[in-house]
Amino acid sequence: MTKLAVSQLRTALLDWYDRSGRTLPWRLRPEDRAKGAVADPYAVWLSEIMLQQTTVPHATPYWHRFLERWPTVEALAEADDDDVMAAWAGLGYYARARNLLACARMVAGEMAGRFPDDLDTLRTLPGIGDYTANAIRAAAFDKPASVVDGNVERVLTRLFRIETPLPKAKPDIRKRAAVLADPDRPGDYAQAIMDLGATVCTPRSPDCATCPWAAHCAAHAAGVEIDYPRKLVKTRKPVRRGIAYAVTRRGAIWLRKRPEKGLLGGMMEVPSTEWGEAAPADAPPFAANWQPCGTVRHVFTHFTLDLAVVRAEAPEGWQPPDGRFVARADMDGQALPSLFGKVVALVAD
DNA sequence: GAGGCGTGGTA
DNA sequence: TTACCAAGCCT
């Protein structure tokens, strides 16, 4: 790219962004930034972790609740693990919540409560990778950075009509993104290029008529926008099956904690058989007349789960080997993933 | 570096 | 229903 082309692209994008009026609660508006307002790195970091592979409408209420309950990184660092996991329940990718706490404790402890502003130090913190480090540097500190997320990948593979499929094209995309990034307005530029991907250069129906880069876009010139980015074809996800045993006692249900690592790590569960592609072998916690309640279908990233739910009232004197009985009214305070929320909902009172 | 890791919305 | 998608990180 020539210097002139880079300059034209930056100007067109930032003009579009300044006029767009789009605001997100964790972002500084350009006019406020121009007036000297500064961002709260804690609030920015929190938003970036929550937004990893998560839509803005889904993450937004969680962000407000977390900020109200734990207003500072010190407050979050002192929180109980179980409270944080319960507050994260329903947001998915639960390793993010465990890393969130670990990161908060590192920042509150050895970093004296201040988030670092250099990429190398940011990258050492748990849950912060290449994208998030650059996003924090740009949004929280307004320092030169180059954010490359799914939006930017889509915009740039179309702009330059990059034929290499993802993820192989990432190094090339990163180089081009770094050339384009505006060192004079890093925070606004980062927000602008992501907004462009989120609102104009969308996957299925890009609105090229309003795009500030349409005149420069190689894919648009050929009318093949939605063919980019190129991607490797994915394999079909398998179906796994299991049986969940809902043990009730006077309306309460037996819940226990899952192992800290792996799928739904550290979250609560209704006990079940193993989940496999073969029909599950029945393995109830005690002999009883188990009543079928129906089947829950739940889709994970790499497999679909069909979980048959059966229910029995616990015999007098029977005690769960781990976990405890939780009343329906107390389910909201539990770290209960959506899957088991569906299971509990199937178990009639 | 390829696969594990949630959830809810949309076509 | 099925497939794909959403501001990725970690191992």
Side-chain angles (χ1 to χ4, degrees), chain A residues 22 24-27 44-63 85 88-100 102-103 122-140 145-155 165-168 170-171 173-174 177 187 190-199 201-206 226 229 231-240 258-267 269 275 296-306 335-342:
Chain A
R22 185 168 193 248
L24 294 168
W26 44 83
R27 292 294 188 181
V44 168
W45 162 74
L46 187 60
S47 76
E48 291 300 342
I49 302 300
M50 287 183 169
L51 287 165
Q52 289 167 4
Q53 295 289 283
T54 305
T55 59
V56 167
H58 193 186
T60 300
Y62 285 84
W63 182 80
M85 298 309 286
W88 197 275
L91 201 50
Y93 286 131
Y94 297 100
R96 290 185 298 170
R98 300 193 295 273
N99 286 333
L100 186 83
C103 180
L122 281 166
R123 283 297 310 268
T124 66
L125 293 167
I128 297 181
D130 185 62
Y131 162 76
T132 304
N134 279 278
I136 292 172
R137 184 169 157 84
S146 175
V147 292
V148 180
D149 67 343
N151 288 308
V152 175
E153 286 174 354
R154 186 170 56 255
V155 169
L166 288 173
K168 223 176 159 61
K170 280 173 185 272
I173 296 170
R174 255 193 274 274
Q191 186 58 35
I193 191 168
M194 287 192 289
D195 271 9
L196 185 68
T199 66
C201 195
T202 58
R204 295 169 200 254
S205 56
I226 62 172
K231 288 187 179 179
L232 265 17
V233 289
K234 291 167 190 168
T235 58
R236 232 181 99 265
K237 58 179 60 173
V239 177
R240 296 186 191 171
R258 294 174 59 85
E260 291 296 332
K261 292 193 173 183
L263 187 69
L264 306 175
M267 303 296 284
E269 69 171 0
W275 305 340
V296 166
R297 166 160 287 197
H298 192 78
V299 181
F300 292 96
T301 306
H302 54 298
F303 67 92
T304 296
L305 176 66
D306 281 345
L336 200 65
S338 293
L339 163 64
F340 294 109
K342 294 181 190 175

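Numbered from 1 within each chain, the chains take letters A, B, ... in sequence-line order. Remember, predicted model here, so these are calculated numbers, not experimental data.
One C1' atom belongs to dC5(C), the other to dG6(B), and the distance between them is 13 Å to the nearest Å. Across dC5(B) and dA6(C), the matching C1' atoms stand 15 Å from one another, rounded to whole Å. Taking the C1' atom of each, dG1(B) and dC10(C) are spaced 12 Å apart, rounded to whole Å. The P atoms of dC9(C) and dG8(B) are separated by 22 Å, rounded to the nearest whole Å.
Map Val56(A) and Lys261(A) each onto its nearest nucleotide of DNA chain C; the residue landing nearer the 5' end is Val56(A). Summary of the strand contacts: Arg204(A) and Phe303(A) both lie near DNA chain B, and taking for each the nucleotide with the nearest heavy atom, the more 5' one is attributed to Phe303(A). Where Arg123(A) and Thr55(A) meet DNA chain C, the nucleotide closest to each residue was compared, and Thr55(A) sits on the side nearer the 5' end.
Using a 4.0 Å heavy-atom cutoff across all strands shown, Leu24(A) reaches at least one base atom of the nucleic acid. At a threshold of 4.0 angstrom between heavy atoms, the contacts of Gly90(A) are confined to the sugar-phosphate backbone, with no base atom among them. Heavy atoms of Gln191(A) sit under 4.0 angstrom from at least one base atom. Residue contacts shown for Arg297(A) are limited to sugar-phosphate atoms, with no base heavy atom under 4.0 Å away. As judged by a 4.0 angstrom heavy-atom cut-off over every strand, Ile49(A) is placed among residues making no nucleic acid contact. At a threshold of 4.0 angstrom between heavy atoms, the contacts of Ser47(A) with the nucleic acid are absent. Looking at heavy-atom distances under 4.0 Å, Val152(A) makes no contact with the nucleic acid at all. If you check every strand for non-hydrogen atoms under 4.0 Å, Pro126(A) touches sugar and phosphate atoms only. Residue Pro167(A) is out of contact with every strand shown, counting any heavy-atom pair closer than 4.0 Å.
Between the CG atom of Leu166(A) and the P atom of dG1(B) there is a distance of 14 Å, rounded to whole Å. One atom, NZ of Lys168(A), and another, C1' of dG1(B), lie 11 Å apart when rounded to the nearest Å. Here the C1' atom of nucleotide dC10(C) and the OH atom of Tyr131(A) are 18 Å apart, to the nearest Å. Look at NZ on Lys231(A): it is 10 Å from C1' on dA6(C), rounded to the nearest Å. Per the geometry, NZ belonging to Lys170(A) stands 12 Å off C1' belonging to dA2(B), to the nearest Å. Taking atom CG on Leu339(A) and atom P on dG6(B), their separation rounds to 11 Å, with Å as the unit. Whole-Å rounding puts the Tyr62(A) OH to dG8(B) P distance at 7 Å. Per the geometry, CZ belonging to Arg236(A) stands 14 Å off C1' belonging to dC4(C), to the nearest Å.
A perpendicular orientation is assigned to the rings of Trp63(A) and Trp26(A), their planes being inclined by more than 60° (bins at 30° and 60°).
Comparing dC4(C), dA6(C), dT7(B) against the side chain of Arg154(A) picks out dA6(C) as the nearest. Checking dT7(B), dG4(B), dG8(C) against the side-chain heavy atoms of Gln53(A) singles out dG8(C) as nearest. Listed nucleotides dC10(C), dT7(B), dC5(B) differ in distance to Asn99(A); the shortest reach to its side chain belongs to dC10(C). Checking dC5(B), dG8(C), dT7(B) against every side-chain atom of Leu263(A), the shortest atom distance belongs to dC5(B). Side-chain atoms of Gln52(A) lie closest to dC9(C) of the nucleotides dC9(C), dA6(C), dG6(B). Taking every side-chain heavy atom of Ser338(A) into account, dG8(B) is the closest of dG8(B), dG8(C), dA11(B).
Ring centroids of Phe300(A) and His302(A) are separated by 6.0 Å or more, keeping the two rings apart.
Applying the 4.0 Å criterion to OP1 and OP2 of dC10(C), one finds that Tyr93(A) has every side-chain N and O outside that range. Phosphate contact (OP1/OP2 of dA6(C), side-chain N/O of His58(A), threshold under 4.0 Å): absent. Distances shown here put a side-chain N or O of His302(A) below 4.0 Å from the OP1 or OP2 atom of dC5(B).
Nearest heavy-atom pair across Arg123(A) and Ala133(A) is CD-CB, 3.8 Å.
Looking only at distances, no side-chain donor or acceptor of Arg22(A) sits under 3.5 Å from a matching main-chain atom of Asp195(A).
Taking 4.5 Å as the limit, every side-chain heavy atom of Gln53(A) sits out of range of all side-chain heavy atoms of Thr301(A). You'll find the side chain of Val152(A) reaches within 4.5 Å of the side chain of Met194(A), heavy atoms only.
The OG atom of Ser47(A) lies 8.5 Å from the CG atom of Leu24(A); values are rounded to the nearest 0.5 Å. Atom-to-atom distance recorded for Lys168(A):NZ and Ile173(A):CD1 is 13.0 Å, nearest 0.5 angstrom.
A donor-acceptor contact under 3.5 Å is formed by the side chain of Thr54(A) with the base of dG6(B).
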